[in-house]
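See structure below.
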Protein chains: 2
Amino acid sequence: MPRASAEDAARTARSILDTATALFAESGFAAVALEDVAAAAGVTRGAVYHHYGSKRGLFAAVVAHLQERVASAVVAAADQAGADASAQLRAGCIAFLDAVTDASAVRTLLVDAPAVIGWAEWRQLDAEHSVVHLREALAAAGVTGALLEPLTAMLSGAMNDAALWLAGHPGDSAARAAAHRSLAILLDAALASAS
Amino acid sequence: MPRASAEDAARTARSILDTATALFAESGFAAVALEDVAAAAGVTRGAVYHHYGSKRGLFAAVVAHLQERVASAVVAAADQAGADASAQLRAGCIAFLDAVTDASAVRTLLVDAPAVIGWAEWRQLDAEHSVVHLREALAAAGVTGALLEPLTAMLSGAMNDAALWLAGHPGDSAARAAAHRSLAILLDAALASAS
DNA sequence: TTCCTTTACGTACAGGATGTATGTAAAACT
DNA sequence: AGTTTTACATACATCCTGTACGTAAAGGAA
């Protein structure tokens, strides 16, 4: 069998990534066999191993891609929220909830990722993407050194669980509004703790 | 080969449970083979399947056992905190952090469990054990119906991530103090939101 | 006590999934 | 034009779960 051009190869890799993203989101990491991914993408497992090295490697690529999408949504929302730091924080958090739940990537990003790639590594990846802005916003608001780390971690955890809770109430605008209000309460408290 | 008395059988089951608890905490669910558990417990996989049915069944039993330990610690601390509801809440949360991190069960309870037994089921199990008291305390403090669920979920998530963060700073009393202060800030805000 | 059923395992086997080694043909560079 | 590297497919080794079956003793019934 032939070999594809560099362009076709990139397309193959992308196809595998998209297929894997959908299957992981639908069935979870453990229940998806690489054979399923390969078949759905129209290739064999050889192609998957060539491009991603291992099942975990493929999963890590999926996670990174999803995180980039979420992070860009957060940044865009924050940029659009004007110059006020706390307004940017609030807008970014809302955007995070929207992006994470809408992508139907909740399971992959928030449930499977910590278990598969390890909590510490996941935490670090997360910290480099979406959580940076949370941390920086808290720091800009004057949260002292000792509380910055734990408050960031706890608010991040609160938002993750809010997203998971929201994912269990799809299309429920009242639930979404309640989550936003709850989030505002906690964020205000964290910001107020600095002064 | 012989058969053991009912008493011996219970001891075997318990030995398997304890061994599995240690191995799951150390290496994570996916990296532990039932052969490892059986060998470390001095039996064969047959015994494991006899008592727990499947790998997930064994894991579920481990999770249930750990949750009971944590829950009893939370209840004991709350009972000892006097009659004030908010004081009970605070004491219970501190006890939760201590119990979860001390048991070296952070990984099993907070990282692996949602992925292995499914987030929804884990959430329900969690809600029936430790989170009940959080929800009841918030309700007793007058948190309205619409906010009760999301606030409970978010505070639970905040505490879980606080525990995970603390697990990364073992023996660091300054970190523990900072986590306690951060927790107090969020709890106070939630309680204050009711009035 | 004797018989029968059930329990508590051990053993052997089947199936599926990951990962690796190898083959191959075309693309890409020299 | 020749050589190397890329992009896969194929075949194989290995491991792990789960199940089927065997077995011997415990526990109750007669």
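Naming: A, B, ... by sequence-line order, numbering from 1 per chain. Keep in mind it's a predicted model, so treat the numbers as computed, not measured.
- Using a 3.5 Å distance cut-off with no hydrogens or angles, the side chains of B:Ser15 and B:Arg11 do not pair a donor with an acceptor.
- Applying the 6.0 Å contact sphere to CZ of B:Arg135 captures more than 12 heavy atoms from other residues, nucleotides or ligands.
- For the pair A:Asp8 CG and C:dA25 C1', the interatomic distance rounds to 15 Å; values are reported in whole Å.
- The aromatic rings of B:Phe29 and B:Phe59 stand perpendicular to each other, their planes meeting at an angle above 60°, with 30° marking the opposite boundary.
- Residue A:Ala47 places its side chain closer to D:dC8 than to any other of C:dT20, D:dC8, D:dG18.
- Annotation for A:Gln124: atom CD does not count as buried by contact number, only 12 or fewer foreign heavy atoms lying within 6.0 Å.
- Regarding contacts with the backbone of C:dC9, a side-chain N or O of B:Thr12 is found under 4.0 angstrom from either OP1 or OP2.
- Note: CD (A:Glu35) to P (D:dA11) measures 13 Å, nearest angstrom.
- Contacts of B:Val48 with the nucleic acid, taken as non-hydrogen atoms under 4.0 Å apart, are absent.
- Remark on DNA chain C: of its neighbouring residues B:Val43 and A:Leu34, the 5'-side contact belongs to B:Val43, judged by nearest-heavy-atom nucleotide.
- Among the nucleotides C:dA17, D:dT10, D:dG18, the one closest to the side chain of A:Thr44 is D:dT10.
- The interatomic distance linking A:Phe29 (CZ) with C:dT18 (C1') rounds to 10 Å, in whole Å.
- Under the 4.5 Å side-chain heavy-atom criterion for Ile, Leu, Val, Met, Phe, Trp and Tyr, B:Val131 and A:Met154 are members of distinct hydrophobic clusters.
- When the P atom of C:dT18 is taken as reference, atom CZ of A:Phe59 falls 14 Å away, rounded to whole Å.
- Going from atom CZ of B:Arg56 over to atom C1' of D:dT17 covers 13 Å, rounded to whole Å.
- For B:Arg45, counting side-chain heavy atoms from C-beta on, the closest listed nucleotide (D:dT17, D:dA9, C:dT18) is D:dT17.
- Nucleotide C:dA8 holds its C1' atom 10 Å from the CD1 atom of B:Ile16, rounded to whole Å.
- Per the geometry, CZ belonging to B:Arg11 stands 15 Å off C1' belonging to C:dA8, to the nearest Å.
- Candidate nucleotides C:dT11, D:dA7, D:dG18 were compared by shortest atom distance to the side chain of A:His50, and D:dA7 ranks first.
- Two residues, A:Ala33 and A:Gly46, neighbour DNA chain C, and the one matched to the more 5' nucleotide by heavy-atom proximity is A:Ala33.
- Of the candidates D:dC8, C:dT18, C:dC9, the closest approach to any side-chain atom of A:Lys55 belongs to C:dT18.
- In this structure, B:Tyr49 places its OH atom 13 Å from P of D:dA20, rounding to the nearest Å.
- For A:His51, a side-chain nitrogen or oxygen approaches OP1 or OP2 of D:dC8 to under 4.0 Å.
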